[in-house]
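Computed over heavy atoms, backbone and side chain alike; hydrogens, waters and symmetry mates excluded.
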Amino acid sequence: MSVVRFRVVAATLVLALGAPARGATFDTKTASFAVTFHGETSAYRDTTLTVLPGASVVIAAVGGPPGDYAATTGDGILVQQGFKQWKWTAPARPGVYLIAVEGPGRKDAIAIHGVVMVPIGQVKQGLLNGYRIGDYPAAPLNGNPLYLPPAGFIEVTKDNQDTKISPHFTLKQFLCKEDTSKSFPKYLVLKERLPLKLEAVLERVNALGFAVETLHVMSAYRTPFYNRAIGDVKYSMHQWGGAADIYIDPLKNDRMDDLNHDGRIDISDAKYLYDEIERLLTKPENRNFQGGLGYYPATSAHPPFVHVDVRGTPARWKG
């Protein structure tokens with residue numbers, strides 16, 4: 001398992017309703033150590049791993065102060081394999097389960113939300129428990145395994161939709177926008193790296209002076225059925241849970257902020273955000289977040305926005 005560098009940012013917790021006030025310190029909600037799994041590294045106090053029923057994943061604590069580290073869970077089987085390393089075997093039933101990793105003296109902890117997925121084999125004729133998924137492309141793009149059908153789907157229920165997949169993002173923000181009904185369950189695919197990248201973007205946005213507690217996720221997961229219905233490209237990363245279309249909405253009125261302070265809200269504000277994300281990706285510690293990046297103008301249906309994804313190789317465009 002590869003381990004990449006991580007940064008821990010000391011911050012002051014701001015207790016407020018809505019977005020923090022201008023000049024307030026943004027709390028990244030990171031721990032004094034990090035955890036690794038599936039090749040990802042996260043120091044966030046809330047983080048998410050995805051796994052199939054009964055599958056095992058190795059979790060390790062890295063960095064941090066010296067001393068004894070502990071991991072506990074009430075579900076599945078957790079076995080310590082070595083110093084600061086454990087193997088978690090997931091329960092057989094899909095759902096969201098908690099694994100707590102604690103630092104020395106139990107003074108700091110990371111909550112890993114272990115999401116047990118519904119295997120793709122349960123999709124029948126494009127439907128999963130009545131939820132329309134559609135069909136993934138029969139062959140991956142240029143043979144790239146990134147574009148193979150996903151192994152499984154996260155089941156989103158009324159009870160778990162507010163689960164923090166990272167400190168500032170919840171499960172329901174990544175649902176396909178096609179389904180606006182109130183019925184559950186719903187299903188989505190999520191790459192573990194995507195919320196980590198969005199957290200890095202959110203931190204940068206706040207450092208620039210735009211006080212927001214989350215990014216407005218206009219579109220994240222798209223079922224192949226919905227992706228085809230809106231005429232997007234056949235291999236859109238949205239279908240694999242690795243992409244999000246975002247904008248900055250401090251007033252929570254479904255409107256992009258005037259980021260460049262020119263008195264207008266237009267594509268230049270999307271370009272401003274695009275440029276700042278590009279600068280973020282040039283930093284060595286963010287090399288794992290490389291992927292697609294594009295900016296788009298407003299239409300009658302949406303404000304200007306920026307597309308980000310975690311395909312692993314750079315791609316740039318203007319929509």
Side-chain angles (χ1 to χ4, degrees), residues 44 46-55 57 73-76 88 90-100 111-136 149-196 198-199 213-230 232 236-246 249 252 254 301-302 309:
Y44 295 113
D46 284 283
T47 197
T48 298
L49 68 82
T50 57
V51 66
L52 288 171
V57 56
T73 186
D75 302 283
W88 182 60
R93 183 177 178 180
V96 182
Y97 302 94
L98 178 65
I99 306 109
I112 301 175
H113 304 282
V115 180
V116 179
M117 300 181 291
V118 178
I120 193 171
Q122 293 190 25
V123 177
K124 305 298 181 184
Q125 297 182 330
L127 297 174
L128 180 55
N129 292 335
Y131 188 86
R132 188 181 295 276
I133 300 293
D135 299 314
Y136 279 85
F153 298 85
I154 297 173
E155 186 172 83
V156 182
T157 67
K158 185 177 180 180
D159 292 332
N160 74 16
Q161 63 177 328
D162 292 313
T163 298
K164 288 186 176 183
I165 59 172
S166 66
H168 302 95
F169 296 90
T170 59
L171 202 53
K172 65 184 177 185
Q173 287 178 275
F174 295 81
L175 284 166
C176 182
K177 301 305 180 186
E178 178 225 3
D179 186 357
T180 57
S181 70
K182 294 182 180 180
S183 62
F184 289 95
K186 305 174 190 284
Y187 295 89
L188 63 83
V189 179
L190 178 69
K191 290 196 177 295
E192 295 158 338
R193 186 168 296 178
L194 182 61
L196 303 180
L198 295 179
E199 287 284 352
E213 292 181 337
T214 190
L215 304 172
H216 187 112
V217 181
M218 188 179 79
S219 179
Y221 176 62
R222 293 181 194 155
T223 64
F225 173 82
Y226 180 61
N227 191 72
R228 188 175 298 111
I230 64 175
D232 201 3
S236 168
M237 280 296 298
H238 286 275
Q239 299 168 101
W240 284 269
D245 297 334
I246 58 173
D249 183 16
K252 299 181 181 179
D254 298 328
H302 59 71
D309 67 49

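- To the nearest 0.5 angstrom, Gln239 atom CD is 4.0 Å from Asn227 atom CG.
- Put simply, the side chain of Val189 reaches to within 4.5 Å of the side chain of Tyr136, judged on heavy atoms.
- Atom CD of Glu199 is separated from atom CG of Leu194 by 10.5 Å, given to the nearest 0.5 angstrom.
- With values rounded to the nearest 0.5 angstrom, Phe184 atom CZ is found 11.0 Å from Glu155 atom CD.
- Considering only heavy atoms from C-beta on, His113 comes within 4.5 Å of Asp46 through its side chain.
- In this structure the side chain of Pro185 never reaches within 4.5 angstrom of the side chain of Leu128, judged on heavy atoms.
- In this structure, Ile165 and Pro195 approach most closely via the heavy-atom pair CD1-CB, 4.0 Å.
- Nearest approach of Asp309 to Ala243, heavy atoms of both residues: CB-CB, 3.6 Å.
- The two residues Gly134 and Pro224 have their closest heavy-atom pair at C-CB, 4.4 Å.
- Inter-residue side-chain proximity for Asn129 and Tyr187 is flagged as met; some heavy-atom pair is nearer than 4.5 Å.
- Between Ile120 and Pro150 there is a side-chain heavy-atom pair separated by less than 4.5 Å.
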Determine whether Arg93 and Val116 satisfy the following criterion, side-chain contact (heavy atoms from CB on, under 4.5 Å), listing intermediate values before the conclusion.
CA-CA 7 Å; Arg93 183 177 178 180; Val116 179; over 6 Å; no

When you look at Trp88 and Ile112, which way does the side-chain contact (heavy atoms from CB on, under 4.5 Å) test go after all the steps?
CA-CA 11 Å; Trp88 182 60; Ile112 301 175; over 6 Å; no

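- Residues Thr47 and Leu196 have side chains in contact (heavy-atom distance under 4.5 Å, counting atoms from C-beta outward).
- Classification of the Phe153-Tyr221 ring pair by plane angle, with boundaries at 30° and 60°, yields perpendicular.
- Looking only at side-chain heavy atoms (C-beta outward), Leu198 and Phe174 come within less than 4.5 Å of each other.
- To the nearest 0.5 angstrom, Ile230 atom CD1 is 12.0 Å from Lys177 atom NZ.
- Considering all non-hydrogen atoms of both residues, Asn160 and Val96 come closest at ND2-CG2, 3.8 Å.
- You'll find the side chain of Leu98 stays beyond 4.5 Å of the side chain of Asp75, heavy atoms only.
- Across every non-hydrogen atom of Thr170 and Gln161, the tightest pair is CB-O, 4.1 Å.
- The line from CD of Glu213 to NZ of Lys252 is 5.5 Å long, rounded to the nearest 0.5 Å.
- Nearest heavy-atom pair, Ile246 versus Leu215, reported as atom, atom and distance to 0.1 Å: CD1-CD1, 3.8 Å.
- For Lys172, the salt bridge (Lys or Arg N to Asp or Glu O under 4.0 Å) partners two or more places apart in sequence, or in a different chain, are Asp162.
- Rounded to the nearest 0.5 Å, atoms OG1 (Thr223) and CZ (Arg228) are 9.0 Å apart.
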